Structure formats: C-alpha cells, structure tokens
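For reference, the structure discussed in these notes is given below.
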2 protein chains.
Amino acid sequence: MSYKITYFNATALAEPIRFLLSYLNIDFEDYRFEREQWPALKPTMPFGKVPIVEIDGKVLNQSTAITRYLSKKAGLAGSDDWESMLIDIAVDNIHDLRQAIGLYAYDPNEESKEAKYAPLVNETVPFYMDKFEKIVEENNGYFVNGKLSWADLFFVAILDYLNFMVKIDLLEGRPKLKALKEQVLEIPQIKAWVAKRPAAQP
Amino acid sequence: MSYKITYFNATALAEPIRFLLSYLNIDFEDYRFEREQWPALKPTMPFGKVPIVEIDGKVLNQSTAITRYLSKKAGLAGSDDWESMLIDIAVDNIHDLRQAIGLYAYDPNEESKEAKYAPLVNETVPFYMDKFEKIVEENNGYFVNGKLSWADLFFVAILDYLNFMVKIDLLEGRPKLKALKEQVLEIPQIKAWVAKRPAAQP
C-alpha cells in the first residue's frame with residue numbers, strides 16, 4: 001500500500017500519523033506545502049482542512065481516525081474493546097486540552113487573545129496536565145493500563161505543537177509525563193523518524 | 001452490567017449514547033440534573049465536563065469514545081478496520097460542524113456572536129451539510145458504505161441539538177439526509193426511546 005501525507009511544514013496534527021507510520025516501518029510520502037500555497041490547495045481538500053492522507057490513492061481526512069486505524073495495525077489500540085475505549089478517552093482528553101490552547105493561540109483578535117492567556121496557563125493547563133500526570137503515575141508510566149498505546153504516541157507527537165501554541169513547557173514539574181516522553185522517543189523507529197524529519201515549526 | 005448516564009436535561013452530547021444503549025436494548029439510568037446543580041457537580045467530574053457514563057460503577061467521560069465502544073457491541077462499528085475508520089471519519093466531520101456551530105452558539109460576547117451568524121449559516125453550514133447530503137447520496141442513503149453504522153445514529157441523535165444551536169433546519173432542501181433521519185427514527189428501539197424520552201431542551 002502507498003501512503004502520502006499532505007500538510008503544512010509542521011508537526012501538529014500530522015505528527016501522530018507520521019509517528020504511527022514510522023512505528024509500523026511503513027514508508028510514506030511526507031508532502032509539505034508552504035503557507036502561501038494553502039489558499040489554492042484548501043478547496044481541493046475533502047473538508048477544506050489538512051492533514052489528509054492518501055492510502056493507495058484514496059483521500060482521507062480526520063487525522064485522529066486515521067491514527068486510530070494505523071494503531072490497530074501496530075497493535076497499539078488495546079487488547080479488547082474496553083481497553084480500546086480507555087485509549088480513545090485518553091486521546092480525546094488530550095484533544096480537549098489542545099482545543100482549549102487553540103482557542104487562545106488562533107484567536108484573531110489580539111485583545112481577546114491576550115485576555116485568554118492568564119486563565120489558560122494558570123487554570124486550564126494545570127487542570128489538564130496535573131490530571132494527565134496523575135493518570136500516567138497511576139498507570140505505571142503510560143496513559144492506559146500500564147502499557148504502551150497510541151494515546152502515548154499521540155501525546156508525545158503533538159506535545160511540541162502544544163508547547164509552541166501555549167509558549168510554556170507543559171512537562172515542567174511533571175516527571176511521569178517527562179519520563180513517558182523520553183521513553184516514546186527511545187522507541188527505535190520513533191527515534192529514527194525524529195532524527196530524520198525535516199526542521200519545521202511544531 | 002449497569003449503565004448510568006449523567007448529563008443536563010438535554011439531548012446534545014448524551015443522546016448518541018442513549019441511542020446506542022436503546023438500540024442494544026440495554027436498560028440504563030438516565031440521570032438528568034438541573035442547570036443550578038452544575039456548579040456543585042462540575043468539580044466531581046473526571047475532567048469537569050459531562051456527559052459521563054458509569055459502567056458497572058466505573059466512571060467514564062468522552063461521549064464519542066463511549067458511543068464507539070457501544071457501537072462495537074451493536075455491530076454498527078464497521079465490518080473491518082478500514083470501514084471502522086471511514087465511520088470514525090464521518091463522525092469527526094459531523095463533530096467539526098458541531099464545533100463550528102458551537103463557536104457561535106456559546107460565544108459569551110453578544111457582539112462577536114452576532115457577527116459570526118451570517119458566515120455560519122451562509123458559508124460553513126451549507127459547506128458541511130451539502131457535503132453530508134452528497135456523501136449520503138453516494139452511499140445509498142447512509143454515511144458509510146451503503147449500510148447503517150453508528151455515524152448515522154450519531155448524526156440523527158445530535159441533529160436536534162445542532163438545529164437548536166444554529167436556529168435553522170439543517171435538513172431543509174436535503175432529501176437524502178431527511179430520508180436517513182426518518183429511517184433511523186423508524187428503527188423500533190430508537191422509535192421506542194424517542195417516544196418515551198423526557199421532554200428536554202435539545
């Protein structure tokens with residue numbers, strides 16, 4: 001099968017897909033376009049957004065659905081339906097944090113954007129990150145059931161993007177999450193991918 | 001197993017779970033609290049949000065993950081990993097429309113809220129809804145692969161909520177989606193649920 005990712009030259013929402021494909025040792029085309037190309041490309045996308053992935057030429061959007069699909073191939077999507085659900089819950093909790101940060105980072109109005117920053121970093125971020133730290137502590141170093149799942153890869157893959165948007169280090173003072181990050185980045189296929197991936201905005 | 005849903009007295013994000021449990025002929029406790037109870041309840045929720053579902057006493061958040069889990073039990077989550085992914089993509093596309101509408105409906109600033117309405121109903125809503133209509137037309141009356149899946153139940157379950165937020169009838173002029181809605185509401189277990197569910201804000 002052939003895999004082609006189309007996205008900005010950024011990690012962000014495409015990086016979980018790149019992590020999973022790398023983990024699976026699947027070669028993929030990693031097409032990155034420049035910001036000035038986006039207005040022309042946007043109308044050609046299934047729902048006007050990226051990333052998209054073409055699998056054997058079939059154009060797919062929705063990065064999390066695609067990541068979940070690849071995770072099943074990788075054996076990282078849970079050993080039964082219950083565990084799969086717990087992993088999905090963890091991923092969607094991380095998405096909720098991402099969206100809260102995004103509401104600040106992508107606010108086009110400078111005034112309302114500025115007003116969002118203090119509650120974001122003083123309340124919302126600690127609320128989520130402390131819960132994640134506790135969950136990982138209670139689950140023996142992982143998000144779910146004491147073993148590696150795609151929730152862990154997803155978190156580490158988008159972490160640079162979250163830090164970039166929120167302008168602080170989310171792992172500061174959170175040793176369990178820091179250890180999880182280091183562990184994921186030591187997986188040989190992930191390590192090789194991160195070493196060779198293009199320099200880009202997170 | 002015992003199932004207890006906790007949510008506002010509303011359809012909204014809890015209704016897909018109620019649809020799936022009804023489809024499965026599973027009895028569930030449908031606990032609905034009043035708006036004035038929310039400030040006291042919020043800190044007791046796993047991530048400060050509802051709905052939550054307690055399955056055999058285990059407290060779970062993230063309604064879509066729970067709905068997907070129930071869909072697997074119902075045989076509505078695809079016949080293989082590829083089809084499961086297509087269903088997940090459809091659901092997340094519907095979520096994107098929901099979030100776009102929600103950015104308008106939940107904007108606390110009356111001025112910026114008002115400014116969002118025209119682009120929402122003239123651009124965003126037709127963009128998504130016309131695509132959904134076309135997808136359902138091309139898939140023999142369903143969202144995915146010409147057969148009933150949880151994407152169809154999910155769409156119909158949250159449709160009243162979407163219409164309520166956006167203050168127009170999203171199915172107006174979209175006969176394929178209208179037929180899909182009617183068909184889902186004719187499923188005996190869904191029909192029975194809708195007939196007996198409490199009167200509530202969508």
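Not measured: the values here are computed from a predicted model. Labels below follow one simple rule: chain letters A, B, ... track the order of the sequence lines, proteins then strands, and each chain is numbered from 1. All values below were derived from every heavy atom in this structure, side-chain atoms included, with hydrogens, water molecules and symmetry-related copies excluded.
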What do you reckon, is [atom1] of [X] surrounded by more than 12 foreign heavy atoms closer than 6.0 Å?
| X | atom1 | value |
| --- | --- | --- |
| B:K113 | NZ | yes |
| B:Q99 | CD | yes |
| B:K116 | NZ | yes |
| B:D27 | CG | no |
| A:K72 | NZ | yes |
| B:E36 | CD | yes |

What's the separation between atom [atom1] in [X] and atom [atom2] in [Y], rounded to the nearest 0.5 Å?
| X | Y | atom1 | atom2 | value |
| --- | --- | --- | --- | --- |
| B:K58 | A:W82 | NZ | CH2 | 7.0 Å |
| B:L86 | A:L60 | CG | CG | 6.5 Å |
| B:S84 | A:R68 | OG | CZ | 9.5 Å |

How far apart are the closest heavy atoms of [X] and [Y], and which atoms are they?
| X | Y | value |
| --- | --- | --- |
| B:Y69 | A:D81 | CD1-O, 3.5 Å |
| A:M85 | B:I66 | SD-CA, 4.0 Å |
| B:A65 | A:D92 | N-OD2, 4.3 Å |
| A:M45 | B:K131 | O-NZ, 4.5 Å |

- [ ] Report yes or no: do B:N93 and A:Q62 form a side-chain donor-acceptor pair below 3.5 Å?
- [x]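 A:Q62 and B:N93 do have a side-chain donor-acceptor pair below 3.5 Å.
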Open item on the list: Counting only non-hydrogen atoms closer than 4.5 Å, does B:L70 touch chain A with its backbone (N, CA, C, O), its side chain (CB onward), both, or neither?
Closed with: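 For B:L70, no heavy atom lies under 4.5 Å from chain A.
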Open item on the list: Looking only at heavy atoms and a cut-off of under 4.5 Å, which of A:T64, A:I55, A:V91 has the most pairs with chain B?
Closed with: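 Among the listed options, the one with the most contacts to chain B is A:I55.
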